[in-house]
Protein chains: 2
Amino acid sequence: MDRYYSHEDRQLVAVDCVIFGFDDQELKLLLIKRNMEPAKGLWSLPGGFPKKDEGLDQAAERVLSQLTGLKNVYLEQLYAYGDVDRDPGERVVSVAYCSLIKIEDYDKDLVKENNAHWRPVNDLPDLVFDHLVMVEKAMRRLRRRARTQPIGFELLPEKFTMPQLQSLYEAIYQKELDKRNFCKKMLSMRMLDKLDEKDKSTSKKGAFLYRFNPEKYEQLLADGFYFTVDVKTKK
Amino acid sequence: MDRYYSHEDRQLVAVDCVIFGFDDQELKLLLIKRNMEPAKGLWSLPGGFPKKDEGLDQAAERVLSQLTGLKNVYLEQLYAYGDVDRDPGERVVSVAYCSLIKIEDYDKDLVKENNAHWRPVNDLPDLVFDHLVMVEKAMRRLRRRARTQPIGFELLPEKFTMPQLQSLYEAIYQKELDKRNFCKKMLSMRMLDKLDEKDKSTSKKGAFLYRFNPEKYEQLLADGFYFTVDVKTKK
DNA sequence: GCAAAAGTGTTCGGGCTACACCCATGA
DNA sequence: TCATGGGTGTAGCCCGAACACTTTTGC
């Protein structure tokens with residue numbers, strides 16, 4: 001069936017994944033110390049090549065699940081990078097994806113096998129090729145998305161406290177937020193279930209646990225309201 | 001130099017362009033009636049294959065300028081489409097781009113040669129493959145962008161009237177806007193130069209012409225303000 | 001009893017929304 | 001003189017920003 005385009009060049013197509021995690025203090029990325037050429041020994045984003053019967057999205061899902069053991073997590077296409085010389089080995093068009101995972105959920109053995117490590121976004125090692133460009137784009141998009149869509153919860157445990165949620169937003173925006181206003185806004189959207197349990201691991205008093213409720217979020221949308229978090233400067 | 005990835009499959013990579021224009025009443029797309037297989041006789045987005053020495057962006061620029069004669073116009077990558085079966089002829093990864101052009105500027109002869117036509121976005125013909133999906137994504141992004149970035153001006157002549165600008169936004173959002181509020185908001189950002197000339201083509205009184213001033217826009221950003229247009233429902 | 005984190009309410013101001021009338025001019 | 005489209009001002013309200021003290025409990 002390649003009669004139509006037989007005179008055109010074929011190219012290598014890859015997928016690379018920017019995988020975010022949050023460990024209660026800071027945002028981290030899951031990076032690989034490459035043990036293969038090109039750029040052996042340097043750090044890179046986890047990536048791979050789509051198989052014959054795989055679409056781009058499926059390839060990214062596979063890369064993610066082979067590395068972390070996780071499926072059905074937040075995964076969104078970021079951007080296609082196609083400069084001729086972006087990979088010094090050979091021309092490769094790379095489609096970057098962005099994933100948000102709960103950092104306590106991943107498969108530690110798989111990650112170790114693959115020579116992958118969590119590195120804080122504020123202190124990244126040198127990355128191969130244009131992978132830093134991808135990471136920066138992913139950061140910008142995360143900042144935009146987190147303001148207008150309820151995706152922050154993808155980075156938190158199913159049950160989380162209000163201070164945890166706030167600290168996540170502070171890590172994403174690198175800004176201190178006012179806890180009264182933050183809490184008020186989150187609760188005003190009526191999309192969180194307040195549980196009876198408390199998490200006492202970070203304070204003597206203990207903090208109530210909440211759970212994101214997707215049904216309530218749908219109701220919010222159906223009522224014509226939108227998710228927004230205010231991230232204006234405090235001070 | 002293909003020693004590194006020699007065991008991986010190569011694939012066809014294409015670029016397709018969603019090209020928007022605005023003719024004072026409605027948004028339009030520049031579409032091609034295909035005269036080649038596959039899907040001969042159907043409508044499609046203008047597209048092509050990157051040459052050996054061309055990045056994706058350059059390929060999209062070339063496709064756009066070969067069709068319209070235009071260079072240095074608004075052109076932004078939209079999304080990469082990589083489902084295995086999206087093109088029935090052969091597997092093709094297509095990277096879609098979105099362009100905004102001033103509809104009076106394009107090269108009519110080139111467009112005619114290429115069998116391209118402007119079609120209103122509200123009355124599109126059937127498109128090949130997943131091109132409608134691309135168009136819908138482009139529309140959604142245009143709606144988002146036009147609210148928060150001064151890109152509407154890319155679709156208007158250099159000099160335009162306030163009613164023209166408003167009618168553009170009404171076409172993008174398919175909503176009537178209040179002209180007092182719209183005008184107030186636009187002028188409050190202090191990024192438009194009001195000219196002494198009037199355009200008398202649509203009314204006896206004539207409407208003042210304005211010009212977008214990029215320097216003033218930069219100043220707006222430098223002062224910590226952002227471009228926004230209010231597109232809330234009028235009734 | 002004290003240190004450390006959780007929790008909670010009010011006031012102020014800016015900006016968005018709604019809304020109606022006069023102006024200029026060509027026919 | 002009239003019909004058509006261009007142009008302008010104001011009042012109310014909502015939401016976001018700023019801000020400080022009390023509660024709980026483990027040590």
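Note that this is a predicted model, so its numbers are computed, not measured. Just so we're on the same page: letters track the sequence lines, and every chain starts at 1.
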A.B. asks: If I take atom CZ in residue A:Arg180 and atom P in nucleotide C:dT11, what distance separates them, rounded to the nearest angstrom?
C.D. replies: 14 Å
A.B. asks: Under 3.5 Å, is there a donor-acceptor pair between the A:Asp24 and A:Gln164 side chains?
C.D. replies: yes
A.B. asks: Roughly how many Å is it from CZ in B:Arg147 to P in C:dC16, rounded to a whole number?
C.D. replies: 13 Å
A.B. asks: If you only use heavy atoms from C-beta on, which nucleotide in D:dG6, C:dC16, C:dT8 is closest to the side chain of B:Lys179?
C.D. replies: D:dG6
A.B. asks: Would you kindly check whether a donor in the side chain of B:Lys185 faces an acceptor in the base of C:dG15, or vice versa, at under 3.5 angstrom?
C.D. replies: no
A.B. asks: Quick one: B:Leu177 CG to C:dA18 C1', roughly how many Å, whole number?
C.D. replies: 14 Å
A.B. asks: Could you state the atom-to-atom distance from CG of A:Asp178 to C1' of C:dG9 in whole Å?
C.D. replies: 12 Å
A.B. asks: Using whole Å, report how far CZ of B:Phe182 lies from P of D:dG7.
C.D. replies: 13 Å
A.B. asks: Looking at B:Lys184, does any N or O in its side chain come under 4.0 Å of the phosphate oxygens OP1/OP2 on D:dG9?
C.D. replies: no
A.B. asks: Looking only at side chains, do B:Glu170 and B:Gln174 share a donor and an acceptor under 3.5 Å apart?
C.D. replies: no
A.B. asks: Kindly say whether the aromatic ring centers of B:Trp118 and B:Phe22 come within a distance under 6.0 Å.
C.D. replies: no
A.B. asks: Less than 4.5 Å apart, any side-chain heavy atom of B:Val63 and any of B:Pro46?
C.D. replies: yes
A.B. asks: Give, for atom CD of A:Glu26 and atom CD1 of A:Ile172, the distance between the pair rounded to the nearest 0.5 Å.
C.D. replies: 13.5 Å
A.B. asks: Please work out whether the ring planes of B:Phe129 and B:His131 are parallel, tilted or perpendicular, with thresholds of 30° and 60°.
C.D. replies: perpendicular
A.B. asks: For DNA chain C, whose closest nucleotide is more 5', that of B:Phe225 or that of A:Ala207?
C.D. replies: A:Ala207
A.B. asks: Quick one: label A:Asn181 by what it contacts on the DNA or RNA (base, sugar-phosphate, nothing), any heavy atom closer than 4.0 Å.
C.D. replies: base
A.B. asks: Of the nucleotides C:dA20, D:dG6, D:dA17, which has the atom closest to the B:Lys205 side chain?
C.D. replies: D:dG6
A.B. asks: Let me know the distance between CG of B:Leu209 and C1' of D:dG5, rounded to the nearest Å.
C.D. replies: 15 Å
A.B. asks: What parts of residues 194-204 of chain B reach DNA chain C, counting only heavy atoms under 4.0 Å away?
C.D. replies: B:Lys200, B:Lys204
A.B. asks: Output the residues of residues 160-170 of chain A in contact with DNA chain D, where contact means a heavy atom of the residue under 4.0 Å from an atom of the strand; sort by number or write none.
C.D. replies: none
A.B. asks: Please report the distance, rounded to the nearest Å, between OH in A:Tyr210 and P in C:dG7.
C.D. replies: 6 Å
A.B. asks: If you look only at distance, which donor and acceptor atoms sit under 3.5 Å apart when one is on a side chain in residues 217-231 of chain A and the other is two or more places apart or in another chain?
C.D. replies:
| residue | atom | partner | partner atom | Å |
| --- | --- | --- | --- | --- |
| A:Gln219 | NE2 | A:Asp223 | OD1 | 2.9 |
| A:Thr228 | OG1 | A:Lys185 | NZ | 2.8 |

A.B. asks: When you check the gap from the basic side-chain N to the acidic O, do B:Glu158 and B:Lys102 get nearer than 4.0 Å?
C.D. replies: no
A.B. asks: Roughly how far, to the nearest 0.5 Å, is the CG atom of B:Leu78 from the OG atom of B:Ser99?
C.D. replies: 11.5 Å
A.B. asks: Tell me: CD of A:Gln25 to C1' of C:dA5, nearest whole Å?
C.D. replies: 13 Å
